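Notes to accompany the following structure.
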2 protein chains.
Amino acid sequence: MSVANDRKSVAREQLMVTASQLFFANGFHAIGVDRIAAESGVTKMTLYKHFSSKDHLIVAILERSSEMYWTWFEKTIQGAAKPEQQMLALLQAITSQHSKSPQSSFCLYQAVAVEYPFPDHMVNQAASRHKQSVVLRLEDMCRQANLRSPEALSRQLFVLMEGFCMTARLIGPDAPPADIVQAAITLIESHRN
Amino acid sequence: MSVANDRKSVAREQLMVTASQLFFANGFHAIGVDRIAAESGVTKMTLYKHFSSKDHLIVAILERSSEMYWTWFEKTIQGAAKPEQQMLALLQAITSQHSKSPQSSFCLYQAVAVEYPFPDHMVNQAASRHKQSVVLRLEDMCRQANLRSPEALSRQLFVLMEGFCMTARLIGPDAPPADIVQAAITLIESHRN
DNA sequence: TTGAAAGTATACAGATCGGTATGTATACTG
DNA sequence: CAGTATACATACCGATCTGTATACTTTCAA
């Protein structure tokens with residue numbers, strides 16, 4: 001089987017994990033392919049055997065992150081019956097994860113929005129696809145909850161989540177833990193019929 | 001007078017304006033000093049006569065942006081008497097500015113948080129100082145308004161504002177215009193005594 | 001008028017960037 | 001055994017990065 005299609009390669013997996021961590025902590029432009037390869041314990045040639053360019057590696061990381069996000073998403077809302085409770089479960093999971101590891105609140109897609117700001121760039125498009133689908137999913141949940149103006153409410157909750165992630169970067173660990181959950185509760189309540 | 005202290009130099013001013021725009025639209029690492037100098041109609045040597053390094057230029061831009069921000073801030077809340085109305089005036093100004101020019105919602109300090117993530121870096125510190133002062137100012141307003149848990153409310157409003165700026169980057173112009181103002185109203189109301 | 005300040009022009013240093021070329025060793029598999 | 005895939009090592013390419021060196025011009029005020 002051709003290497004380019006072998007999604008189970010250990011080298012490929014290690015490259016994506018390592019690169020993901022490095023990008024996470026340093027940004028995209030600050031990390032070169034040499035360092036990614038070195039810290040993966042792999043040659044640069046191996047990197048380019050698996051990914052045709054740095055941009056393609058980033059897109060692969062973003063798409064795998066998106067898959068992992070949705071797995072986490074569905075698992076998190078699993079216990080909650082009503083859609084309102086599901087949305088709160090998401091916020092609670094985000095904040096409790098934040099208190100354990102503040103760095104985990106950082107969002108790779110926000111970094112893309114900053115470092116690849118042009119919509120015709122493949123990296124930007126990969127991030128946009130993900131965030132667009134999040135907005136739609138939230139809107140879907142608001143609709144299921146039979147709340148007033150589901151579009152507006154979903155956008156409010158989305159902004160709340162994005163703001164939380166960015167605030168974690170800006171202010172640091174001791175940012176807004178439970179406040180955001182309370183804000184979400186207030187906003188949801190205000191959209192009840 | 002020495003050039004390094006001449007804050008009125010046209011070249012220095014042009015460099016800061018041009019660099020600011022370029023960083024705004026492309027990020028920091030994506031823009032080199034050569035391009036900044038060229039698009040300012042100035043030599044690279046002139047840039048280094050006024051700013052001892054690229055990082056110092058960025059810090060100067062951030063600090064001047066902060067001054068401009070506070071000028072805008074005080075001017076915006078000027079018409080409103082009550083602190084609650086002042087906070088709403090801020091949100092309304094942000095959203096109305098957004099509908100005129102969506103790019104203006106982008107926040108340079110958020111870009112710093114992504115591209116200079118280390119707290120011991122002077123650029124990161126300059127951005128942190130600004131955002132910290134914004135949080136404190138909001139908290140002050142909430143306290144003046146005699147609302148319940150001013151700390152929590154100010155953090156909620158801060159997250160809302162940060163989320164709005166980031167959403168403008170992530171989703172694009174047709175993001176959440178009036179929804180955020182409504183969210184702020186709801187949150188403020190919920191903290192009334 | 002003269003002399004410092006401000007700016008120009010050009011060239012360069014040293015490092016790093018993304019990406020490629022060439023060849024070799026290992027290991028699975030038909 | 002033969003062939004293919006995977007990964008190795010090393011060296012290199014052109015471009016770009018921040019920052020510096022040197023020398024010439026313009027402006028303006030004491």
Side-chain angles (χ1 to χ4, degrees), chain A residues 1-20 22-23 25-62 111-112 115-116 118 121-124 126, chain B residues 1-20 22-23 25-62 111-112 115-116 118 121-124 126:
Chain A
M1 185 188 283
S2 146
V3 57
N5 298 326
D6 187 3
R7 310 255 141 192
K8 298 266 162 63
S9 162
V10 289
R12 185 189 165 94
E13 187 63 21
Q14 188 59 50
L15 279 165
M16 291 184 71
V17 170
T18 305
S20 194
L22 286 173
F23 290 147
N26 301 86
F28 295 100
H29 293 327
I31 297 296
V33 287
D34 291 275
R35 185 163 169 199
I36 294 169
E39 294 206 14
S40 299
V42 150
T43 337
K44 189 156 61 158
M45 280 314 300
T46 304
L47 190 157
Y48 278 99
K49 284 254 170 67
H50 287 286
F51 307 97
S52 50
S53 73
K54 184 187 180 183
D55 287 347
H56 283 86
L57 167 61
I58 294 174
V59 169
I61 288 173
L62 293 179
V112 169
E115 297 204 72
Y116 298 91
F118 300 109
H121 195 291
M122 56 183 294
V123 172
N124 183 286
Chain B
M1 184 188 285
S2 146
V3 59
N5 298 326
D6 186 4
R7 312 253 140 193
K8 298 267 162 60
S9 160
V10 289
R12 184 189 165 93
E13 187 62 22
Q14 188 59 50
L15 278 164
M16 291 183 71
V17 170
T18 306
S20 194
L22 285 172
F23 290 148
N26 300 87
F28 295 99
H29 293 327
I31 298 296
V33 286
D34 290 278
R35 185 162 169 199
I36 294 170
E39 295 206 12
S40 299
V42 151
T43 332
K44 187 159 62 158
M45 280 314 301
T46 304
L47 190 158
Y48 278 99
K49 285 248 173 72
H50 287 285
F51 307 96
S52 51
S53 71
K54 183 187 180 183
D55 287 347
H56 283 85
L57 167 60
I58 294 174
V59 169
I61 288 172
L62 294 178
V112 169
E115 298 204 71
Y116 298 91
F118 299 109
H121 196 290
M122 56 184 293
V123 172
N124 183 287

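Each chain gets a letter, A, B and so on, in the order the sequences are listed, and its residues count up from 1. The structure presented is a predicted model; accordingly, all values stated were derived computationally and were not measured.
For the OP1/OP2 pair of D:dC17 and a distance below 4.0 Å, the side-chain nitrogens and oxygens of B:H29 include no atom meeting the criterion. For A:T43, no side-chain nitrogen or oxygen approaches OP1 or OP2 of D:dT10 to under 4.0 Å. For A:H50 and D:dT6, the shortest distance from a side-chain N or O to OP1 or OP2 is not below 4.0 Å. Using a 4.0 Å cut-off, no side-chain N or O of B:S53 falls inside it from OP1 or OP2 of D:dT18.
Residue-level contact check: B:I31 touches the backbone only, with heavy atoms under 4.0 Å from sugar-phosphate atoms and none from bases.
Counting only distance, with no hydrogens or angles, the side chain of B:E115 and the backbone of B:H29 share a donor-acceptor pair below 3.5 Å.
Residue A:E13 contributes atom CD, which lies 16 Å from atom P of D:dT6 at whole-angstrom precision. As a whole-Å value, the separation of B:I36 CD1 from D:dT16 P is 16 Å. When rounded to the nearest whole Å, the span between NZ of B:K54 and P of C:dA15 equals 19 Å. Between A:L15 atom CG and D:dT6 atom P there is a gap of 14 Å when expressed in whole angstrom units. Atom pair B:N26:CG and D:dT16:C1' shows a separation of 16 Å (rounding to whole Å applied). A:F51 places its CZ atom 13 Å from the P atom of D:dT6, with the value rounded to the nearest Å. The nearest whole Å value for the distance from the CG atom in B:L47 to the P atom in D:dC17 is 13 Å. The NZ atom of B:K49 sits 17 Å away from the C1' atom of D:dT18 (whole-angstrom rounding).
Comparing D:dG19, C:dT10, D:dA7 by their nearest atom to the side chain of B:M45 picks out C:dT10. Side chain of B:Y48, nearest nucleotide from D:dG19, D:dA7, C:dT22: D:dG19.
A:L15 contributes atom CG, which lies 12.5 Å from atom NZ of A:K49 (distance to the nearest 0.5 angstrom). Between atom CD1 of residue A:I61 and atom CZ of residue A:F23 there is a gap of 5.0 Å, rounded to the nearest 0.5 Å.
Ring geometry, A:F28 versus A:Y116: the interplanar angle exceeds 60°, so the pair is classed perpendicular (tilted spans 30 to 60°).
For D:dG19, its base sits under 3.5 Å from the side chain of B:K44 at one donor and acceptor pair at least.
Side-chain contact between A:L57 and A:I36: present, with at least one pair of heavy atoms (C-beta onward) separated by less than 4.5 Å.
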